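Order of the sequence lines fixes the chain letters, A, B, ..., with proteins taken first and strands second; residue numbering starts at 1 for each chain. All values derive from a computational prediction rather than experimental measurement.
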Amino acid sequence: MNIENTLQLEISKAIEEIYGVLPNPNLVQIQKTKREFEGNFTLVVFPLLKVSKKKPEDTAHEIGERLVATSQIITSFNVVKGFLNLTLSTDFWCGVLNTISNTTDFGYAKSGSSGKTKMVEFSSPNTNKPLHLGHIRNNLLGFSVSRILEANGHRVIKVNLVNDRGIHICKSMLAWQRFGNGETPVSSGKKGDHLVGDYYVLFDKEYKKQIAELQDKGMSEEEAKVKAPIIIEAQEMLRKWEAKDSEIYSLWQTMNQWVYAGFDVTYSALGIEFDKVYYESETYILGKSIVNEGLAKGVFAKKTDGSVWVDLKDDGLDEKLLLRSDGTSVYMTQDIGTAIQRFNEYRLDDHIYVVGNEQEYHFNVLKLVMSKLGYEWSEHLYHLSYGMVQLPEGKMKSREGTVVDADELIHEMISTAQEMSEELGKLNELSAEEASKIVETIGLGALKYFILKVDPKKSMTFNPKESIDFNGNTGPFVQYTHARIQSILRKASEVGIAIPQSIEPFNLGDKERELVQLVSALPGIIKQAGEMLSPALLANFAHDLSKEYNQFYHEFSILKEEDEKVRQARLLISHEVANAIRISMGLLGIDVPNRM
RNA sequence: GGCCCCGUAGUUCAAUGGAUAGAAUAGCGGUUUCCUAAACCGUAGAUCCAAGUUCGAUUCUUGGCGGGGCUACCA
């Protein structure tokens, strides 16, 4: 059941009857009627003037009159300029409400019904430092998009490709060897990823110091950066690692384990999980054989020093390195290899990479290379390119310590939720366990909503000084609306009023109809969010619906309504609004409490 | 320099080419003998500039101006 489609058909039919031409469907533009006009849906008639060959107002009137005469569901219309506003019967809206109420998993496509398998790669952290706000955006987006795709009937595989090797990890390892005195997460009480991150910062400090010293001795900055003893040592360590030197290898394993334990805590706090975790140390070899394939096909070219390149100048890009002159692989080599492996192994229909927009170039190249190699699925590689999270002063930089740490932020959000709840006296009747669960839900809800309500492709600003709001267009606002409805439903059952499964047709009020109409739009929103890979649409939906419900709540009584028919309808509407809130927030990875 | 993205109230965000550009927050003024005031109501406030396409442009095109990113034998 899709109301817009039904209307589209009826309108097209009416137009054919009046003007003798069946209009192209994209000329029949239906939208929700704006608040200030009377009606439920609006037909924009301008595009139809070619067919009617009449003035906008006349066309609108003709179509409106025909619709009212022939349609079962359209009861009246009005015309404002070129806009035909249609009002649907309250019986129809009651029917919509009943259908929603009796649909299991309302809004969801049947699980697996699309027959498509989509892989979503996200998170992809480095193991040399803890997660920060940028990672939070990545994780929340990846997780939410995965859920949305599942709700659209796709099979989704969530994967994390951990960058567990490379010079940056060696930097942390080296600093730990030199300055660590055997410190461990247990001995220091620090979370493993933070411990390792601290040594990464230490390395950088020492590195900078050595550069400065060399410059004092008259060396240029460029040269000093290359010749500082500590960086040379780090590079030596990487060579040893690649040669599987046992001491280095086991240190690497130990420190990575610390980091993973730390990441697990953060992921679990965010409510995020993966179906599969890949490690670069295991995948970085992949793709090398493809290079030979590309050379044979003449897609790639070898330079005299032995390095392999692909020339993309004809495609508006540059030359890109695929294999170093010493035969070792680079980032691109690996992504080529893993893509092929994954498409083969899982028979993917789509592969979505949730990666910041700073890597747009990389993914353009990847797609082009795959296409040149003749993989027809190259069109099905998507880069969900999201904007950076910026601070008021600009970009976050780990090495300079200007990052907003993920764990700290999560902790802060929860403790703010705690303070506010106490201040408002919300937790008085609850057990400590219940209270802490609710406080956590609210704190995380505020954080997740704050991030996800913004269009992914836009960069966003986070001001640490102005803490994330709990009032207004926020997660807690939506959560509160849900809790409020649950409270009513609880009270109803306490006094023995059952929530009806369906209602008898009656004359719905404007606010009631509006709520039904909003809820009925949810399946379409889920579909659109899936197509656009945009959780923000669901956040907006949840907010609009909550706003509308709160107005309704203030204006009308529900339990105290004396007309039983009306009371039943309002209860059912409330129930379905709560349900729609729970579903839309759930797709954002946000829980909604039953009381707060 | 080249390429890509972005510019909307003081601030943070909305608006498949459609009506009088929506919210939130901050500001000002209100609402609690009544189902949760983390709520509700009122008030004031914005499309960077200039051309073009269109019945109609925040949206599309071009040119400016401003911000960010990429342009590594790093990942």
NZ/NE/NH1/NH2 to OD/OE distance under 4.0 Å, Glu242(A) and Arg165(A): yes

Taking the side chain of Arg324(A) as heavy atoms from C-beta outward, which of C73(B), U25(B), A19(B) is closest to it? C73(B)

Determine the minimum heavy-atom distance between Val404(A) and Leu409(A), stating which atoms define it. CG1-CD2, 4.1 Å

I need the minimum non-hydrogen distance between Ala446(A) and Met413(A), along with the two atoms involved. CB-CE, 3.5 Å

Separation of His362(A) atom NE2 from A75(B) atom C1', in whole Å? 9 Å

Shortest side-chain distance from Phe477(A), nucleotide among A38(B), A39(B), C35(B): A39(B)

The side chain to side chain contact (heavy atoms under 4.5 Å, CB included) partner of Thr42(A) among Phe37(A), Phe83(A), Phe77(A) is Phe83(A)

Do the side chain of Thr481(A) and the base of A38(B) come within less than 3.5 angstrom through a donor-acceptor pair of N or O atoms? no

Below 3.5 Å, does any donor atom in the side chain of Lys426(A) face an acceptor in the base of U36(B), or the other way round? yes

What pair of heavy atoms forms the shortest contact from Lys81(A) to Val79(A), and how long is it? O-CG1, 3.4 Å

Which helical stems does RNA chain B take part in, if a stem means at least 3 consecutive Watson-Crick or G-U pairs with both distances below 3.5 Å? B:1-7 with B:65-71, B:10-13 with B:22-25, B:27-31 with B:39-43, B:48-52 with B:60-64

The side chain of Phe46(A) lies closest to which of these nucleotides: G18(B), A23(B), A19(B)? G18(B)

Quick one: does Ser487(A) reach the base of C35(B) with a side-chain donor-acceptor pair under 3.5 Å? no

Taking atom C1' of A37(B) as reference, at what distance in whole Å does atom CZ of Phe470(A) sit? 17 Å

